[in-house]
Enquirer: 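After the structure tokens below, expect a handful of questions from me.
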Amino acid sequence: MTQDSVILSQTRAGVCTLTLNRPDKLNAANDELLLTLAAELKKAEADPAVRVVVITGEGRGFCAGQDLGDVSGRGMTFTEHLNATYNPLIRTIRTLDKPVISAVNGVAAGAGASLALAGDIRLWAQSARLIEIFSNIALVPDSGSTWFLPRLVGYSRAFELMALAERVDADTALKMGLCEHVFSDESFADDVQAYAERLAARPANALKLTKQALNGALTGTLDQALDQEAALQQLAGDHWEHGEGVTAFKEKRAPNFVRAEGQVLKG
Ligand code: LHQ
């Protein structure tokens with residue numbers, strides 16, 4: 001991938017970092033950026049060298065939402081546009097069988113705020129901020145914001161953030177549960193990489209199934225969640241990772257979950 005690409009991709013120590021690369025526009029999204037990001041996520045999913053994916057932004061922005069200079073005359077309705085670009089991307093993130101980290105390095109606005117919320121884990125730089133900015137241009141929150149935000153902050157707080165397009169700074173975001181950790185701007189990339197490597201050392205199959213179980217449970221009943229857990233636990237228990245975890249416990253050593261797939265260990 002060249003440095004000119006709208007998405008930069010780099011894999012190091014099991015961590016694939018996908019960087020939105022339209023810094024002059026605070027990484028505002030055009031169709032090329034959205035479709036390329038979704039394609040790069042799928043590539044990372046298929047690559048056995050990748051255990052964790054990080055989405056971040058180049059420059060001082062994370063993503064300023066739809067590129068407002070790029071919407072006129074594109075010959076699609078809003079509904080068609082969302083269904084062709086944003087919605088498949090958000091679905092890809094949430095169903096990817098590897099953990100996805102939203103590493104929010106700067107402002108996340110509009111659909112960029114949705115992208116910031118869509119990650120399995122949200123890490124923010126101290127200067128990052130999130131704005132559900134849609135109502136400033138008299139639009140409805142999209143790209144998953146209406147699903148993610150009330151689940152994190154409750155209905156009324158979500159409505160207020162959307163209706164007033166209030167800026168949420170990093171300290172407030174941490175208190176509200178919009179992010180899991182805030183790191184300093186200076187060391188943000190290194191801190192994100194170190195966090196992602198911790199995740200990359202965890203049992204990949206178990207995390208894949210955990211992601212599936214949690215996402216299913218968010219929309220289902222307790223009965224459905226219990227049935228799903230029982231089914232997915234079978235898949236986890238039959239995997240070599242489980243044998244390694246139990247063996248490591250008995251041998252009083254740290255488990256090694258990063259090894260050639262298919263290697264069978266005795267539990
Ligand atoms: C931008 C943008 C931008 C183009 C900054 N576009 N250039 C909508 C429609 C259709 C279908 C699908 O769904 C959606 C969903 C949405 O995402 S709607 C929301 C669209 N986004 C916005 O309304 C955000 C617009 N941007 C802003 O309000 C500000 O730029 C924020 C608050 C994000 C950041 O403010 P500042 O830190 O003061 O930066 P800035 O405004 O000076 O922006 C820097 C440059 O980036 C500037 O360009 P310039 O050439 O003047 O330096 C901006 O024009 C450009 N830029 N956002 N979305």
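As the structure lists them, so they are numbered: ligands from 1, and atoms in each ligand from 1. It should be emphasised that the depicted structure is a prediction, and the values quoted were computed from it without experimental measurement.
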Enquirer: Quick check: does D142 get an N/O under 3.5 Å from an N/O on ligand 1?
Expert: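 Yes.
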Enquirer: Yes or no: does D24 have any heavy atom under 4.0 Å from an atom of ligand 1?
Expert: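 Checking ligand 1 against D24, which is what was asked, there is a heavy-atom contact under 4.0 Å.
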Enquirer: Kindly confirm or rule out an N or O of R167 lying under 3.5 angstrom from an N or O of ligand 1.
Expert: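 N/O-N/O distance under 3.5 Å: no.
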Enquirer: If you draw the axis of the six-membered ring of W124, does the NZ or CZ of R122 fall within 45° of it and under 6.0 Å from the ring centre?
Expert: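 That pair does not qualify as a cation-pi contact.
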Enquirer: Sequence neighbours left out, what passes side chain to side chain donor-acceptor pair (under 3.5 Å) with Y195? Give chain and number order.
Expert: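 Expected list: none.
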Enquirer: Could you check whether Q193 and E197, counting side-chain N and O atoms only, form a donor-acceptor pair closer than 3.5 Å?
Expert: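 Present: a donor and an acceptor within the cut-off.
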Enquirer: Kindly compute the distance separating CG (N105) from CD (Q126), expressed to the nearest 0.5 Å.
Expert: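 That separation rounds to 13.5 Å.
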Enquirer: Would E80 count as a contact residue for ligand 1, given that I'm defining contact as a non-hydrogen atom of the residue lying under 4.0 Å from a ligand atom?
Expert: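 The answer is no: ligand 1 sits nowhere under 4.0 Å from a heavy atom of E80.
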Enquirer: Checking S114 against S145: is there a side-chain donor and acceptor pair closer than 3.5 Å?
Expert: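 Present: a donor and an acceptor within the cut-off.
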Enquirer: Would you say L82 touches ligand 1, if touching means a heavy atom closer than 4.0 Å?
Expert: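 Contact present.
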Enquirer: Can you find an N or O of L139 that's nearer than 3.5 Å to an N or O of ligand 1?
Expert: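 L139 vs ligand 1: no N/O contact under 3.5 Å.
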Enquirer: Identify, with sequence neighbours excluded, every residue that meets salt bridge (charged side-chain N to carboxylate O under 4.0 Å, His left out) alongside K211.
Expert: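 Partners of K211 under the salt bridge (charged side-chain N to carboxylate O under 4.0 Å, His left out) test: D120.
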Enquirer: Side chains of T85 and D31: any donor to acceptor distance under 3.5 Å?
Expert: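 Result is no, nothing qualifies.
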Enquirer: Mind checking whether A111 has an N or O less than 3.5 Å away from an N or O of ligand 1?
Expert: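 Such a contact does occur with ligand 1.
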Enquirer: Can an N or O of A109 be found at a distance shorter than 3.5 Å from an N or O of ligand 1?
Expert: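 There is no such contact.
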Enquirer: Can you confirm, on distance only, whether ligand 1 has an N/O atom lying under 3.5 Å from any N/O atom belonging to R60?
Expert: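 Looking only at distances, the answer is yes, because the N/O contact criterion of under 3.5 Å is met.
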